[in-house]
Amino acid sequence: MNLFTAVNEGMRQAMKTDDTAITFGEDVAFGGVFRCSVGLREEFGSDRVFNTPLCEQGIAGFGIGYAAMGGTAIAEIQFGDYIFPAFDQLVNEAAKFRYRSGGQWDCGGLTVRTPVGAVGHGGHYHSQSPEAYFTHTPGIKVVMPRGPIDAKGLLLASIRDPNPVVFMEPKVLYRAAVEDVPEGDYEVELGKGEIMRPGRDVTVVGWGGQLRVLEKACDLAASVGIECELIDLKTLSPWDVEIVSNSVMKTGRLVVSHEAPITGGFAGEIVSKIQEECFLSLEAPAKRVCGQDTPFPLVFEKFYIPDETKNFEAIKEVVNF
Amino acid sequence: MPLTTELRVYDHDETPPGTWPVFRVMDEDGSLRDPSVGQSYIDSHSPTLDEAHAIKMFRTMARLSQMDHIFLNAQRQGRISFYMSSQGEEAVHIGSSSALTLQDTIFAQYRETGVLMWRGFTMDQFADQCFSNKGDLGKGRQMPVHYGSRALNWHTISSPLTTQLPQAAGAAMAMKLKAKREGKDSSDGVAVCYFGDGAASEGDFHAAMNFASTLETPVIFFCRNNGFAISTPVRDQYRGDGIVSRAKGYGMYGIRVDGNDLFAVHAATAKAKEIALRENRPVLLETMSYRVGHHSTSDDSTRYRSTDEIKKWTEEDNPIDRFQRYCEGKGWLDDKMVAQIMDEERMQVLQALEKAEKKGPPELSTLFDDIYKEKTPELIRQEEALLEHIAKYPEKYQGGGH
């Protein structure tokens with residue numbers, strides 16, 4: 001099945017096993033603009049699957065309040081590019097809800113799902129990857145699956161995780177990514193990365209849609225005899241420091257790649273941490289291959305994005321340092 | 001604004017022509033403005049308004065008033081870092097709180113101390129929070145007056161304004177759906193969110209009104225219109241007819257109340273709750289009163305308003321005095337009793353203050369708890385590093401906080 005069907009299945013499973021679970025947001029009732037909520041209203045009823053007015057701060061605030069009373073709130077923000085009106089609610093309220101109450105209250109039942117990432121023609125406002133704004137905030141978790149199998153399992157884990165989670169879905173994969181997704185109920189553990197392919201020469205780290213690009217880059221590298229160890233972080237906050245540092249202690253070289261602009265991007269956090277933990281193992285400076293520091297352009301998208309050739313060059317650079 | 005003695009919550013399709021009237025039961029001198037109508041509200045007051053209950057309400061207002069005076073002074077003396085008083089809104093607090101139960105879930109702003117007090121938060125608990133000591137339920141994490149109590153169904157206060165409004169709509173939805181799952185006709189309680197005239201300008205107000213109306217949730221949006229948002233008078237805050245007039249635009253019920261009238265506030269809150277529960281629809285309730293005190297201990301309001309104006313509201317139209325006169329008329333209070341009650345409450349507050357001041361801060365180990373439900377590996381690392389550092393400079397890091 002593809003990614004939107006996997007997300008749909010994840011939500012279905014969550015709602016079957018938790019009668020407080022509701023899903024809401026703009027246009028979710030008819031199935032959602034990306035078809036992620038198709039069939040849910042028919043199956044679970046209009047009390048549990050409903051449209052909200054067009055207002056992201058309302059969606060987030062409403063979800064927080066619902067979760068504060070012990071319910072499971074699966075909120076959808078139609079595009080990650082539009083999550084910013086909800087930023088105050090997510091960063092000032094959701095992230096701090098448990099801590100500021102001294103542990104008396106929490107909104108752990110809140111999960112905010114939102115499509116992110118380049119899609120070929122999205123331009124400034126249908127292509128953003130806003131993960132770095134949220135990884136900087138203690139108290140919320142940030143998760144991004146790379147494909148349908150992970151999407152269902154990570155979504156179920158996120159919904160059931162007793163902390164508020166922002167779940168970012170690479171929209172370009174909704175239809176394009178097709179995998180053999182297991183039926184039934186399963187979770188993929190949060191906070192744990194995965195080594196997609198082992199290798200001895202260089203550690204390559206990414207998340208979400210970027211992993212397809214990195215797989216191509218690793219294939220290009222293999223064709224010139226470079227063995228890459230490719231890691232999918234899956235959870236960006238809290239991130240699996242151990243899996244990356246263990247890998248870099250073995251390979252001595254690191255490349256991190258993401259679509260979001262390079263300055264202030266999450267790759268900076270990874271590289272900083274790894275150079276602290278693995279300095280003596282490093283054979284070369286770490287390299288970040290990211291979006292340019294520009295708003296996401298339309299006509300020049302292919303020049304902006306960190307594609308497989310840019311990553312291939314970076315891999316060669318760190319290996320040949 | 002016109003006064004009315006009729007308790008009427010207007011639906012959006014039948015709003016009053018012209019300025020929305022202010023519902024009042026009791027005049028400034030403590031007498032019933034319209035005795036027959038007013039008496040009916042007093043008779044239907046629940047819990048029963050007998051002498052014991054009246055004294056309890058008066059005593060709670062007295063305690064709030066004493067707490068405000070003493071804690072303001074404590075801040076000036078450097079004993080607590082910050083405080084916000086509720087002077088002028090004692091009837092808003094006790095009037096509304098006494099019409100609600102612990103089944104109602106409360107989202108407040110920061111000037112609702114009396115509401116929480118009535119629900120059962122003790123002076124010790126108030127003082128502990130203001131001193132950020134080891135007894136603070138919030139574990140010393142926030143500034144004074146940011147109270148929270150799960151046991152009293154009171155969500156922890158946060159400084160960003162108005163964020164609690166859409167949350168209250170969501171909480172009300174949770175209660176509504178829970179009742180449905182349990183096969184009940186209506187939920188056990190409503191969500192009530194308090195906010196000020198200034199907070200009503202934030203985008204979250206609009207978000208909340210619209211969500212509560214379209215999603216049909218049992219929530220009371222309780223606006224304390226006290227004339228000011230720090231130094232900004234209402235003339236610079238909005239140009240419409242206060243806050244309640246916006247109810248029509250959202251398809252909601254609305255009622256405006258004299259905030260200095262304990263009976264009117266109580267009756268209106270009870271009515272709003274009744275409607276919200278019965279119809280699963282929100283109600284916008286606006287109390288008109290005056291913020292007698294400064295915005296906070298960081299404010300000197302004489303810089304933007306006249307001392308004459310403050311004096312007028314303190315002496316001529318004071319909610320505590322108004323209720324006291326009513327009680328004196330019933331023979332329930334006299335000067336001697338009032339003085340005694342004030343004294344007793346003053347002692348209680350002072351004792352709580354002294355007790356709280358002596359308690360030490362929470363354990364340092366709590367710094368890294370409750371960010372998530374579990375402690376993450378990175379937080380464990382940071383805690384270890386911090387403890388190592390502190391061990392190297394023990395004198396610099398002695399004790400807790402400020």
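Below, chains carry the letters A, B, ... as their sequence lines are ordered, and counting in each starts from 1.
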Does B:Phe126 have its ring centroid less than 6.0 Å away from the ring centroid of B:Phe121? yes
Checking an interface table here. Which of residues 54-63 of chain A come within a heavy-atom distance under 4.5 Å of chain B? A:Cys55, A:Gln57, A:Gly58, A:Ile59, A:Gly61, A:Phe62
Run the ring-centre check on A:Phe87 versus A:Phe134 and record whether the distance is less than 6.0 Å. yes
I need the residue from B:Pro362, B:Ala191, B:Ala174 with the largest number of non-hydrogen atom pairs under 4.5 Å to chain A. B:Ala174
Top residue by heavy-atom pair count (under 4.5 Å) with chain B, among A:Tyr66, A:Trp239, A:Trp105? A:Trp105
Within the supplied structure, the quantity of interest is the number of heavy atoms (other residues, nucleotides, ligands) at a distance under 6.0 Å from B:Lys375 NZ; does it exceed 12? yes
Considering only heavy atoms, which portion of B:Arg150 lies under 4.5 Å from any heavy atom of chain A: side chain, backbone, both, or neither? both
Contact part of A:Lys96 toward chain B, heavy-atom cut-off under 4.5 Å: side chain, backbone, both or neither? neither
Which one, B:Asp369, B:Leu137, B:Thr376, B:Leu177, leads in non-hydrogen pairs under 4.5 Å with chain A? B:Leu137
State the OG-CE distance between A:Ser237 and A:Met144, to the nearest 0.5 angstrom. 12.0 Å
Report which part of B:Ile371 has an atom under 4.5 Å of a heavy atom belonging to chain A: side chain, backbone, both, or neither. both
So, the part of A:Asn163 with a heavy atom under 4.5 Å from chain B: the answer is side chain
Pick one of side chain, backbone, both or neither for A:Phe97, based on which atoms fall under 4.5 Å of a heavy atom in chain B. side chain
Inspect the surroundings of CD in A:Glu242 and state if more than 12 heavy atoms from other residues, nucleotides or ligands are less than 6.0 Å away. no
Chain B heavy atoms under 4.5 Å from A:Asp19: which part of the residue, side chain, backbone, both or neither? both
Near-ring test A:Phe266/A:Trp207, centroid separation under 6.0 angstrom: yes
Heavy-atom cut-off 4.5 Å, strictly under: side chain, backbone, both or neither for B:His155 against chain A? both
May I ask you to list the residues in residues 205-215 of chain B that approach chain A closer than 4.5 angstrom, counting heavy atoms only, ordered by number? B:Ala207, B:Asn210, B:Phe211, B:Thr214, B:Leu215
Residue from B:Arg381, B:Lys178, B:Gln164 scoring the most non-hydrogen pairs under 4.5 Å with chain A is B:Arg381
